[in-house]
Asks: 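One structure, pasted below without further comment.
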Amino acid sequence: QVQLVESGGGLVQAGGSLRLSCAASGRTFSSYAMGWFRQAPGKEREFVSAISTSGGSTYYLSSVKGRFTISRDNAKNTVSLQMNSLKPEDTAVYYCAAKLGNSYYTAMLRYNYWGQGTQVTVSS
């Protein structure tokens with residue numbers, strides 16, 4: 001069982017930055033690939049970024065590549081998403097998720113555990 005708690009969301013102007021963090025419970029954090037997904041009002045939840053169990057591989061939605069950076073600290077059981085150059089279209093609830101093993105990073109249904117979400121609002 002893994003429990004995930006996100007933090008760091010908020011209101012920011014376009015062009016600004018936010019850093020989302022996700023704290024995981026449990027002693028097997030390093031066995032889980034971690035992902036960030038987001039859901040905007042009236043839209044389906046979509047993949048944003050993922051990181052492999054070791055942190056050696058990262059993956060991004062094309063529209064955030066170069067602006068967002070995912071990282072993890074297996075000693076602290078945390079994963080972070082640094083978001084720079086934010087745009088109004090990045091406004092959404094952001095969810096942290098965990099899945100066993102290194103594969104199918106973009107597939108939402110492959111993730112076993114989810115956080116409660118944190119709101120990110122980017123004003124124009």
Side-chain angles (χ1 to χ4, degrees):
Q1 187 80 6
V2 176
Q3 292 185 325
L4 304 173
V5 179
E6 302 100 333
S7 61
L11 173 64
V12 64
Q13 289 188 330
S17 299
L18 282 174
R19 185 176 181 87
L20 305 183
S21 294
C22 175
S25 66
R27 293 176 289 181
T28 59
F29 179 72
S30 59
S31 299
Y32 291 84
M34 300 299 296
W36 287 96
F37 291 76
R38 67 186 181 187
Q39 187 166 19
K43 295 188 177 181
E44 293 187 351
R45 193 170 300 188
E46 67 175 351
F47 168 81
V48 175
S49 182
I51 189 166
S52 62
T53 54
S54 68
S57 298
T58 57
Y59 306 86
Y60 296 96
L61 178 69
S62 59
S63 62
V64 308
K65 199 172 295 185
R67 299 188 297 122
F68 291 10
T69 303
I70 191 171
S71 61
R72 67 187 295 160
D73 186 335
N74 284 345
K76 296 182 178 179
N77 285 13
T78 59
V79 61
S80 298
L81 186 68
Q82 177 66 42
M83 305 186 296
N84 298 329
S85 302
L86 283 161
K87 304 176 181 180
E89 51 264 43
D90 295 318
T91 295
V93 177
Y94 283 71
Y95 297 90
C96 172
K99 63 175 295 295
L100 280 171
N102 290 317
S103 61
Y104 303 104
Y105 294 102
T106 65
M108 189 169 58
L109 295 179
R110 295 280 184 166
Y111 285 79
N112 310 97
Y113 302 102
W114 292 82
Q116 81 288 351
T118 186
Q119 177 71 47
V120 171
T121 303
V122 185
S123 63
S124 57

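Small disclaimer: the values here were computed from a predicted structure and weren't measured. Atom set for the values below is all heavy atoms of this structure, side chains included, hydrogens, waters and symmetry mates excluded.
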Asks: Below 4.5 Å, heavy atoms only, C-beta onward: do Thr53 and Tyr32 meet side chain to side chain?
Replies: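 No. Closest side-chain heavy atoms not under 4.5 Å.
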
Asks: Measuring from atom CE of Met34 to atom OG of Ser52, what distance do you get when rounded to the nearest 0.5 angstrom?
Replies: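 Taking CE in Met34 and OG in Ser52, the distance rounds to 12.0 Å.
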
Asks: Quick one: pull up CD in Gln82 and CZ in Arg67 and give me the separation to the nearest 0.5 Å.
Replies: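 Here the rounded value is 12.0 Å.
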
Asks: Compare every heavy atom of Gly101 with every heavy atom of Ala33, then report the nearest pair and how far apart it is.
Replies: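 Closest pair (atom of Ala33, atom of Gly101, distance): CB-O, 3.3 Å.
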
Asks: Check the pair Asn102, Ser57 against side-chain contact (heavy atoms from CB on, under 4.5 Å), reporting the backbone distance first and the verdict last.
Replies: CA-CA 9 Å; Asn102 290 317; Ser57 298; over 6 Å; no

Asks: OG/Ser80 to CZ/Phe68 distance, rounded to the nearest 0.5 angstrom?
Replies: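 One finds 13.5 Å between OG of Ser80 and CZ of Phe68.
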
Asks: Taking all non-hydrogen atoms of both residues into account, name the closest pair between Phe29 and Asn77 and its distance.
Replies: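 Between these two residues, the closest heavy atoms are CB-OD1, 3.4 Å.
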
Asks: Less than 4.5 Å apart, side chain to side chain, heavy atoms only: is that true for Ser71 and Arg19?
Replies: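 Sidechains of Arg19 and Ser71: in contact.
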
Asks: Just grab all the disulfide bond (SG atoms under 2.5 Å apart) pairs involving residues 1-98, residues at least two apart or on different chains.
Replies: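 Only Cys22-Cys96 qualify under disulfide bond (SG atoms under 2.5 Å apart).
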
Asks: Rounded to the nearest 0.5 Å, what separation is found between the CG atom of Asp90 and the OG1 atom of Thr121?
Replies: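 It is 11.0 Å, given to the nearest 0.5 Å.
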
Asks: Closest approach of Ser17 and Asn84, non-hydrogen atoms and distance?
Replies: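 Minimum heavy-atom contact is OG-OD1, 2.9 Å.
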
Asks: Are the side chain of Gln39 and the backbone N or O of Ala92 linked by a donor-acceptor pair below 3.5 Å?
Replies: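 Here the side-chain-to-backbone pair does not exist.
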
Asks: I'd like to check the side-chain contact (heavy atoms from CB on, under 4.5 Å) partners of Ser30; sequence neighbours left out, ordered by chain and number.
Replies: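 Partners of Ser30 under the side-chain contact (heavy atoms from CB on, under 4.5 Å) test: Asn74.
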
Asks: Does Ser31 reach the side chain of Leu100, with side-chain heavy atoms less than 4.5 Å apart?
Replies: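 They are in side-chain contact.
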
Asks: Can you tell me which residue among Val64, Thr91, Leu20 is in a side-chain contact (heavy atoms from CB on, under 4.5 Å) with Arg38?
Replies: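 Considering Val64, Thr91, Leu20, a side-chain contact (heavy atoms from CB on, under 4.5 Å) with Arg38 is found only for Val64.
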
Asks: Answer yes if the side chains of Thr78 and Asp73 hold a donor-acceptor pair under 3.5 Å, and no otherwise.
Replies: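 Asp73 and Thr78 do not have a side-chain donor-acceptor pair below 3.5 Å.
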
Asks: Drop me the distance from Ile51's CD1 to Trp36's CH2, to the nearest 0.5 angstrom.
Replies: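 These two atoms lie 11.5 Å from each other.
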
Asks: If hydrophobic residues (ILVMFWY) are linked whenever their side-chain heavy atoms come closer than 4.5 Å, directly or via other members, who joins Phe47 in its cluster?
Replies: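 Phe47 clusters with Phe37, Tyr59, Val93, Tyr95, Tyr105, Met108, Tyr111, Trp114.
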
Asks: If you measure from OG1 on Thr106 to CD on Glu46, what distance do you get to the nearest 0.5 Å?
Replies: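 Going from OG1 on Thr106 over to CD on Glu46, the span is 11.5 Å.
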
Asks: Check the surroundings of atom CZ in Arg110: do more than 12 heavy atoms from other residues, nucleotides or ligands lie under 6.0 Å from it?
Replies: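 Result for CZ/Arg110: open.
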
